[in-house]
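Counting from 1, the numbers follow the sequence of the chain as shown. Nothing here was measured: the structure is a model prediction, and the numbers come from that model.
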Amino acid sequence: MSEPTLALLIPVTDPTIDLKPCCTNLAQQDYPHWTAYVIGQTPTLPEPWTTDDRFQQLTVPDVTLPTLGHLAQTQLTSDLIMIIDPRDQLDQPDSLSELVALAQQLDCDLIMPELVRFDEQRSTYLFPNLWRQREELITYNNYHFLIRASVAMRVVVGSLIDRHLFAQATATLPREASSQMLIRQLCRQARHGIYTDRHPYIWHLQADHQLPEFEWPNPLTFSQLPQLVAANQAAGYQAPVPTTISIAICIDQNVAATIPTLLYSIATHAKRPTDIYVVYDYLPAAAKADLTWFNDRFPNFRVILTPLRAADRDLLRRFTLNGHKGNLTTFYRLVLPQLLPDVERLIYLDADTLVTSDLTALWESDLAGNFLGVVKDPGIGVEPRPTRKEDWWGYRLLGPNDGEQYFNAGVLLMDLHLFRQYSISLYFYQFVIETIMFYVLEDQDALNLFFHGAVAFLPLEHNYITKFIDVEPRAIEAVSLLHYLGPRKPWKINFDLPASQRAAAARYRATRRTWQAIAHAEQPAVTALVDTANPDDNLLEHTLESLLSQDYGPLEIIVTTPVAPTPASPLTRWAKENPNLTILINDAPSRPARQQAARQHATSDLLFSLAAPDYLDEVTALSQLVALQQKEAAALVCAQAAEWLVDQSRFMVLPNVNDVISWGPTDWNGVLVTQAALRPNALEFDSKYPVKQRCLRHNLWVKVKR
């Protein structure tokens, strides 16, 4: 293979710049087939390079990128081009040889290498943080992200470019075009472009020679979808809206236990036939049984278990090889158009959502030829929410002109007919493969980037993130769907949940309890008795939160207190938000007397005592206690405790006790007991019942020691 010829273009915009260091550096290169062209209005070669045939002078009216492109088209005959700023230099004598050899080895028409910065003021070399692979393919999908991630990709100097590609890319550039505009053209038009972490080029940092900031393109596009939307609209396309609502939920076994609550919320509000496609890779038999339970109990409502195909699973696993470190479940939606070939329109729901009214309005939304219907995310996605709008994640991802177009991807209305018509899943998959290492919010970022300019924005009510309550307040009754975005899920114990979001959490928990009570009708009802001498004590909130978050269905809570809570008390709010919580005012002087009075109001045979500020530390605690009590037919079951030492900020696990429990009128915290085992008028065992303890071997409740 013959060695290509190389033209080194040295544009001179300031005649006072000393060209001698640059020319001396180039003359040391060991590659034999190069010619350097000093280009400017009055170019002047320094001695002794005026007599060296490798250095030429070209006079032009202006030194702009289009001018350099015109020279490449009309006057130069070399195979390759490299632009070198007269203030810079190449790193090693073999820099050109190495780049040319790489271009031949990889058959490239564009190589953009990393660069080293030399701070002349401090006489210090600044090497890049080489976190990428040795060579990385530049594609139509990833060049935007490479330009953002690497300052070397923002300057055209030092890159090795095929001469015809350079002339083609500069042909349509405006006179004032920046390097980044040219780089975008080169990346789009290159047959085979490579970004390499080799750094043969040294940029000399000077006051008037700084590396540029990232320039946001306008318009910002990452696909051809906006043009397809325009074509759909011009053709008068009307999306098919079937009578049956189709919904997809993509899950794994880690969230399977939460899905029946979502399904129950959909089923109880559905006013038209509804099909739910539960997409999964693996689910245990018990989880499948909970999901298909709905099919025999709700008319016109079907839960269709839809396993991933082996081919889809293999495709999605490639994301892990390309830098994805999160859960692949949310990427299952990529394969929905092919996995559900007979579904024309689809609502996609994240697992952490709850339907609060009929979804017909969402289902019939006009997408106006767009591929997706979405709800905007006003800076909620990343915590804490920045105070300046310009710092919202949407602006950081999409730029200053498009930041407000960022949407939440937890609820999507998808036109699968259009997806299949244009093979969108194929292009989207390739986009994700090539850009996944640049995401912060994973699939949501991918959807926002690829579908930018091809979505219809829907009312906030169709995807009401509970964090909106503080910034876009709505009554729960006014929204159709709640989205519990973030780590504080309502099926967990959340001691730090903001007060403004507790009503939304209570709505979820009430729905879950109702479903649990219906689906598991064999479970006995439980009354939790909580006593507090101070109803305004904030630590009482820990106790109540741990009880209200329990996944046990038939649960009522009675809080006894000697004085009425104030209207502003947390206890007053808890009772208002949770119908299963009752406040009982009793001025008896002792806790046993007050709880004995509460016992008379209990509607359950099983009683569970928990004294504030102690709390349960697992949402399954009551379920486990009741299951053990039922299995053993025990009169009493007690959970093992851990003690939280406030002054030392640490836990101490209390030792296991023997089978015989010392249980008196003031000492029955964490105990589940049957009404029948107690004397009628005292919190003491009836003599006919043996006093035996069944102790679970893990920590189910915490005793706070202050």
message: Please evaluate residues Asn463 and His483 with respect to the criterion side-chain hydrogen bond (donor to acceptor under 3.5 Å, both in side chains), reporting the C-alpha separation (whole Å), side-chain torsions for both, the decisive distance (0.1 Å), and the verdict.
response: CA-CA 6 Å; Asn463 183 7; His483 186 182; 3.1 Å; yes
- prompt: Is a side-chain donor-acceptor pair under 3.5 Å present for Thr360 with Asp358?
  reply: yes
message: I'd like to know if Arg509 and Glu577 make a salt bridge, using a cut-off of under 4.0 Å between side-chain N and carboxylate O.
response: no
- request: Check whether any side-chain heavy atom of Thr292 sits under 4.5 Å from a side-chain heavy atom of Leu305, and report yes or no.
  value: yes
- request: State, to 0.1 Å, how close Asp551 and Gln516 come at their nearest heavy-atom pair, and which atoms those are.
  value: O-NE2, 3.0 Å
message: Side chains of Glu461 and Ser480 only: does a donor on one sit below 3.5 Å from an acceptor on the other?
response: no
- request: Start with the C-alpha distance between Phe457 and Phe451, add both sets of side-chain angles, then the distance that settles ring pair (Phe, Tyr, Trp, His ring centres under 6.0 Å), and finish with yes or no.
  value: CA-CA 12 Å; Phe457 290 106; Phe451 288 92; over 10 Å; no
message: Please report the interatomic distance CG(Leu334) to OG(Ser425), rounded to the nearest 0.5 Å.
response: 6.5 Å
field: Gln233 atom CD: more than 12 heavy-atom contacts under 6.0 Å
entry: yes
field: Derivation and outcome, side-chain contact (heavy atoms from CB on, under 4.5 Å), residues Leu548 and Ile557
entry: CA-CA 8 Å; Leu548 289 164; Ile557 302 169; 3.5 Å; yes
message: Working note: Tyr280 + Tyr332, criterion ring pair (Phe, Tyr, Trp, His ring centres under 6.0 Å); need CA distance, chi angles, decisive distance, verdict.
response: CA-CA 8 Å; Tyr280 65 96; Tyr332 290 179; 9.1 Å; no
- prompt: Say you draw a straight line from CG of Asp470 to CZ of Phe468; how long is it, rounded to the nearest 0.5 Å?
  reply: 11.5 Å
- prompt: Hey, are the side chains of Trp393 and Asp445 touching, using non-hydrogen atoms and a 4.5 Å cut-off?
  reply: yes
statement: The side-chain hydrogen bond (donor to acceptor under 3.5 Å, both in side chains) partners of Ser365 (sequence neighbours excluded) come to none
query: Is the shortest heavy-atom distance from the side chain of Ile247 to the side chain of Ile249 under 4.5 Å?
result: yes
- prompt: Which class fits the ring pair Tyr264 and Phe294: parallel under 30°, tilted 30 to 60°, perpendicular over 60°?
  reply: tilted
query: Just wondering, are more than 12 heavy atoms of other shown residues or ligands nearer than 6.0 Å to CZ in Arg573?
result: yes
message: Regarding Glu545 and Lys492, does a basic nitrogen lie under 4.0 Å from an acidic carboxylate oxygen?
response: no
side-chain hydrogen bond (donor to acceptor under 3.5 Å, both in side chains) partners of His542, counting only residues at least two apart: none
query: Is there a side-chain contact between Tyr552 and Phe608, using heavy atoms and a 4.5 Å cut-off?
result: no
query: Does some side-chain heavy atom of Asp415 sit less than 4.5 Å from a side-chain heavy atom of Leu346?
result: no
- prompt: Any side-chain heavy atom of Ile276 sitting closer than 4.5 Å to one from Ile266?
  reply: yes
- line: By ring pair (Phe, Tyr, Trp, His ring centres under 6.0 Å), Phe450 pairs with (sequence neighbours left out) Phe428, Phe431
- prompt: Side-chain donor-acceptor pair under 3.5 Å between Ser569 and Asp536, yes or no?
  reply: yes
Test side-chain contact (heavy atoms from CB on, under 4.5 Å) applied to Val375 and Val411, step by step: CA-CA 8 Å; Val375 173; Val411 179; over 6 Å; no
Test log, rule side-chain hydrogen bond (donor to acceptor under 3.5 Å, both in side chains), inputs Thr603 and Glu556: CA-CA 8 Å; Thr603 61; Glu556 70 171 351; 3.0 Å; yes
- prompt: Considering all heavy atoms of both residues, which atom of Leu416 and which atom of Pro337 are nearest to each other, and what is their separation?
  reply: CD2-CG, 3.9 Å
- request: List the atom of Ala598, the atom of Leu529, and the distance in Å for their closest heavy-atom pair.
  value: CB-CD2, 3.9 Å
query: Does the side chain of Gln595 pick up a donor-acceptor pair with the side chain of Thr560 at under 3.5 Å?
result: no
field: Test log, rule salt bridge (Lys or Arg N to Asp or Glu O under 4.0 Å), inputs Glu472 and Lys467
entry: CA-CA 9 Å; Glu472 294 281 350; Lys467 297 179 184 180; over 6 Å; no
side-chain contact (heavy atoms from CB on, under 4.5 Å) evaluation trace for Val255 with Thr258: CA-CA 6 Å; Val255 299; Thr258 70; 4.0 Å; yes
Donor-acceptor contact present, side-chain Arg302 to main-chain Thr274, <3.5 Å: no
task: Give a yes-or-no answer on whether the side chains of Tyr484 and Gln501 include a donor-acceptor pair shorter than 3.5 Å.
output: no
query: Do Arg488 and Asp496 sit within salt-bridge range, that is, some charged N less than 4.0 Å from a carboxylate O?
result: yes
- request: Report yes or no: does Asp275 contribute a side-chain atom to a donor-acceptor pair with the main-chain N or O of Thr244 at less than 3.5 Å?
  value: no
- prompt: Do Gln630 and Glu522 have side-chain atoms, one donor and one acceptor, less than 3.5 Å apart?
  reply: no
statement: Minimal heavy-atom distance between Leu607 and Ala602, with the atoms involved, is CD2-CB, 3.8 Å
query: Tell me, do Gln550 and Leu616 make a side-chain contact under 4.5 Å, heavy atoms counted?
result: yes
message: Which label fits Trp491 and Tyr508: parallel for a plane angle under 30°, tilted from 30 to 60°, or perpendicular past 60°?
response: tilted
message: Other residues, nucleotides and ligands only: do more than 12 of their heavy atoms fall within 6.0 Å of NE2 on His520?
response: yes
- prompt: Do you know the tightest heavy-atom contact between Ile585 and Ala564?
  reply: CD1-CA, 3.6 Å
- line: In Asp443, Asp252, Asn254, Asp350, the residue satisfying side chain to side chain donor-acceptor pair (under 3.5 Å) with Thr329 is Asp252
query: Do the charged groups of Arg420 and Glu344 touch, with an N to O distance under 4.0 Å?
result: yes
task: Answer yes if the side chains of Arg513 and Asn580 hold a donor-acceptor pair under 3.5 Å, and no otherwise.
output: yes
field: Check: Thr532 and Val559 side chains under 4.5 Å, non-hydrogen atoms
entry: yes
message: If the threshold is 4.0 Å, N to carboxylate O, is there a salt bridge linking Asp531 and Arg594?
response: yes
message: I'd like to know if the side chain of Asn578 reaches the main chain of Trp574, judged simply by a donor and an acceptor atom lying under 3.5 Å from each other, with no hydrogens or angles considered.
response: yes
field: Which atom of Gln629 lies closest to which atom of Leu672, heavy atoms considered
entry: CB-CD2, 4.0 Å
- prompt: Would you find a donor on one side and an acceptor on the other, under 3.5 Å apart, between the side chain of Tyr277 and the backbone of Thr306?
  reply: no
Between Gln444 and Tyr406, a side-chain donor and acceptor under 3.5 Å: yes
message: Is there a side-chain contact (heavy atoms from CB on, under 4.5 Å) between Thr566 and Leu571? Walk through the geometry before answering.
response: CA-CA 8 Å; Thr566 64; Leu571 180 55; over 6 Å; no
query: Once you round to the nearest 0.5 Å, how far does CD1 of Ile424 lie from CG of Leu418?
result: 8.0 Å
query: For the side chain of Asn300 and the backbone of Pro273, is there at least one donor-acceptor N/O pair under 3.5 Å apart?
result: no
